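Owing to the predicted nature of the structure, the values given are computational and were not obtained by experimental measurement.
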Amino acid sequence: MIHSLAITKNNQLIPDLSIEEILDGDYKWFWVDFDQPTDKEIEKLRHPFAFHPLSIEDCLHNLQRPKIDYFETYTFFVTHCLNPKTVKKDELNIFLGENFIATFHLHASVEVNAVKKLLTNEDIGTWTQYTVLYQLLDHLVDNYFPIVYEIEDSLAEIDENPTNKTMEVLLDELFSTRHHLLSLRQSVVPMKDLVYKMINNEKLAALLMKREYYSDIYDHLLKISELIESNRELTTDIRDSYLSYNSHHSNRIMQILTVITTIFMPLSFLAGLYGMNFVNMPELQWKYGYFILLFLMASIGIGMFILFRRKGWFK
């Protein structure tokens with residue numbers, strides 16, 4: 001579906017014109033949104049817009065790395081938006097020209113809808129296509145924060161383990177969280193580079209007049225990037241702590257089993273010795289030989305238990 005907003009030179013907003021009507025008219029600027037377009041609607045990128053084939057190819061090949069490309073009549077942006085629930089990446093492509101902005105996305109975009117609503121509710125005279133670009137980027141970046149904060153809460157829960165989950169479950173959750181951080185990092189770092197190029201490039205002269213706004217977006221991306229790195233380090237620390245605890249617990253079990261085995265070794269020796277079927281074994285003829293042997297075995301077992309306990313093997 002294609003949506004359009006055209007602004008006349010008298011600052012009147014005219015919605016839902018066809019692309020041909022907009023291009024044939026005399027408008028101050030306009031915004032065309034390709035919202036989950038059909039194949040027929042995608043063809044309008046080639047005609048009548050006549051965008052470069054490489055830009056169109058980037059639109060159709062989903063999940064390109066965020067970047068900025070300069071062409072003769074427009075600038076092309078590839079950006080990433082994230083689903084707060086699944087941390088799944090979606091691509092939002094932006095064409096920015098002297099009097100227009102066009103957005104292209106194969107999935108529903110919360111950010112685009114939010115900016116449209118903002119545009120229709122504010123004084124249209126203060127808006128330009130550059131304002132739309134700024135608002136889109138600002139909403140994209142702001143929607144990264146809840147995801148990072150949710151990951152931080154998840155890591156805190158894994159670290160504290162209030163529900164006493166097993167170590168296997170905790171490690172599965174930890175590695176899943178680490179995967180989400182990696183996915184987020186693959187979007188945030190290129191987005192940070194993109195905005196940095198925007199505020200330090202003379203080709204976007206109109207944007208330089210609002211450099212402080214884009215610098216604010218860059219600061220947000222820098223903060224998110226630092227949060228991601230600190231959380232990745234935290235996942236490493238938690239993983240190492242769990243593995244160290246697991247190793248210590250296993251060693252403790254082996255130590256207890258070794259003590260038990262050591263206690264029973266002399267007892268097994270005595271039981272094996274007097275269990276042999278030799279005829280001439282004088283001890284077998286003793287009246288109290290059985291009880292003496294039981295007393296000896298009990299004394300050895302208790303003595304070794306007391307010895308190991310004093311050495312701290314059972315602590």
How would you list, by chain and number, every residue that makes a ring pair (Phe, Tyr, Trp, His ring centres under 6.0 Å) with Tyr74, sequence neighbours excluded? Phe51, Phe71, Phe95
Using modelled atom types and a 3.5 Å cut-off, is there a donor and acceptor pairing between side-chain atoms of Thr262 and backbone atoms of Thr258? yes
Tell me whether His139 contacts the main-chain N or O of Gln135 through its side chain, where contact means a donor paired with an acceptor under 3.5 Å. yes
Consider only side-chain heavy atoms of I, L, V, M, F, W and Y, link residues closer than 4.5 Å, and tell whether Ile292 and Phe295 are in one cluster. no
Does Ser109 offer a backbone N or O that forms a donor-acceptor pair with the side chain of Asn113 under 3.5 Å? yes
Determine whether Leu227 and Leu174 fall in the same hydrophobic cluster, where Ile, Leu, Val, Met, Phe, Trp and Tyr are linked whenever their side-chain heavy atoms lie under 4.5 Å apart. yes
Is there a chain of hydrophobic side chains (I, L, V, M, F, W, Y, each step under 4.5 Å between heavy atoms) that links Leu119 to Leu140? yes
Under 3.5 Å: donor-acceptor pair, side chain of Asn251, backbone of Ser247: yes
Of all heavy-atom pairs between Val78 and Arg65, which one has the smallest distance, and what is that distance? CG1-O, 3.8 Å
Heavy-atom distance under 4.5 Å between the side chains of Ile7 and Trp31, does that happen here? no
Could you list all the ring-ring contact (aromatic ring centres under 6.0 Å, His included) pairs where at least one residue sits in residues 218-242, not counting sequence neighbours? Phe145-His220, Tyr196-Tyr218
Looking only at atom types and distance, does a side-chain atom of Thr120 sit under 3.5 Å from a main-chain N or O of Lys116, one as donor and one as acceptor? yes
Expected output: side-chain Glu157 to main-chain Ser154 donor-acceptor under 3.5 Å: no
Using side-chain heavy atoms (C-beta onward) and a distance below 4.5 Å, is Phe34 in contact with Asn93? no
Interatomic distance, CD1@Ile228 vs CG@Leu181, rounded to 0.5 Å, equals 7.0 Å
Any idea which heavy atoms bring Asp58 and Lys67 closest together, and the distance? OD2-NZ, 2.8 Å
Between the side chain of Glu111 and the main-chain N/O of Leu136, is any donor-acceptor distance below 3.5 Å? no
Closest approach of Leu106 to Gln36 (non-hydrogen atoms, all atoms of both residues): O-CG, 3.5 Å
Phe30 and Leu17: CA distance, side-chain angles, deciding distance, side-chain contact (heavy atoms from CB on, under 4.5 Å) verdict: CA-CA 10 Å; Phe30 60 89; Leu17 294 175; over 6 Å; no
Counting heavy atoms not belonging to Tyr70, are there more than 12 under 6.0 Å from its OH? yes
Under 4.5 Å between side-chain heavy atoms, counting indirect links through other Ile/Leu/Val/Met/Phe/Trp/Tyr residues: same cluster for Val32 and Leu5 or not? no
Taking all atoms of both residues into account, what is the closest heavy-atom pair of Leu96 and Gln129, and its distance? CD1-CG, 3.6 Å
How about Phe76 and Leu54: do any of their side-chain heavy atoms sit closer than 4.5 Å? no
Count the heavy atoms belonging to other residues, nucleotides or ligands that lie under 6.0 Å from CD of Glu98, then report whether that count exceeds 12. no
Pair Lys223, Glu226 - check salt bridge (charged side-chain N to carboxylate O under 4.0 Å, His left out), show working. CA-CA 5 Å; Lys223 180 180 178 180; Glu226 292 173 349; over 6 Å; no
Counting only pairs under 3.5 Å, give me each side-chain donor-acceptor contact of residues 182-193, with atom names and distances, residues two or more places apart or in other chains.
from   : atom 1 : to     : atom 2 : distance (Å)
Arg185 : NE     : Glu229 : OE2    : 2.5
Gln186 : OE1    : Lys89  : NZ     : 3.4
Ser187 : OG     : His80  : ND1    : 3.0

What closest approach, in Å, do Arg178 and Arg232 show between heavy atoms, and which atom pair accounts for it? NH1-O, 3.2 Å
Sole residue of Asn10, Thr128, Asn11 in side-chain hydrogen bond (donor to acceptor under 3.5 Å, both in side chains) with Lys28: Asn11
Shared hydrophobic cluster, Leu82 / Leu137 (ILVMFWY, side-chain heavy atoms < 4.5 Å): yes
On a heavy-atom basis, which atom in Glu122 and which in Trp127 lie closest, and how many Å separate them? OE1-NE1, 3.2 Å
